[in-house]
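Take a look at the structure set out below.
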Amino acid sequence: MDLVGTARVLDAVFPLVGPGSAAVCIASMAGHLMPLHPGVAALMADPLNPDLLDALDALPDRPAGTSAGAYSHAKRAVRALVARSAAAGGARGARLVSLSPGPLATPLGQLEYEQKTEMKM
């Protein structure tokens, strides 16, 4: 999971953070596009909770039921994780940011673009 992996890396390296340190976490423009589901947001606020996936799966009206929905919510949660962690890093002289790139010119990106274009026709 994008979110859990990012949270684990940040958790592991934070003891090493000092003045001049910088961390860049990769989010996605997808994390800016999907409406926020309050139940998902509350659960993803604690990405290292061992019951996270079961709790997400148990949501009765979970919008993240598709891979695109799950990806969007995870990337939104990465942005929130970075925002919550930035102050603690800043207090130690470090910078913590997230980047939200848009579509990339890759074969998979081209295929996705073509599929979305076909669906609109």
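Worth knowing before you read on, the calculation uses all heavy atoms, side chains too, and leaves out hydrogens, waters and symmetry mates.
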Problem set entry | Heavy-atom neighbours of R95 CZ exceed 12 at 6.0 Å | no
Problem set entry | Joint hydrophobic cluster, L52 plus V82, side-chain heavy atoms closer than 4.5 Å | yes
Exercise. Does a side-chain heavy-atom distance below 4.5 Å link V17 with L96?
Worked result: no
For this session: Among V9, V97, L99, V78, find the one that has a side chain to side chain contact (heavy atoms under 4.5 Å, CB included) with C25.
Result: V78
Problem set entry | Expected output: side-chain R79 to main-chain G31 donor-acceptor under 3.5 Å | yes
Problem set entry | Any donor-acceptor N/O pair, R92 side chain to S21 backbone, under 3.5 Å | no
Where [X] and [Y] come nearest, the two heavy atoms and their spacing:
X   : Y    : answer
A27 : S100 : CB-OG, 3.6 Å
K75 : I26  : NZ-O, 3.0 Å
D51 : N49  : N-OD1, 2.8 Å

For this session: Just jot down the side chain to side chain contact (heavy atoms under 4.5 Å, CB included) partners of A7, sequence neighbours excluded, or say none.
Result: P47, L48, L81
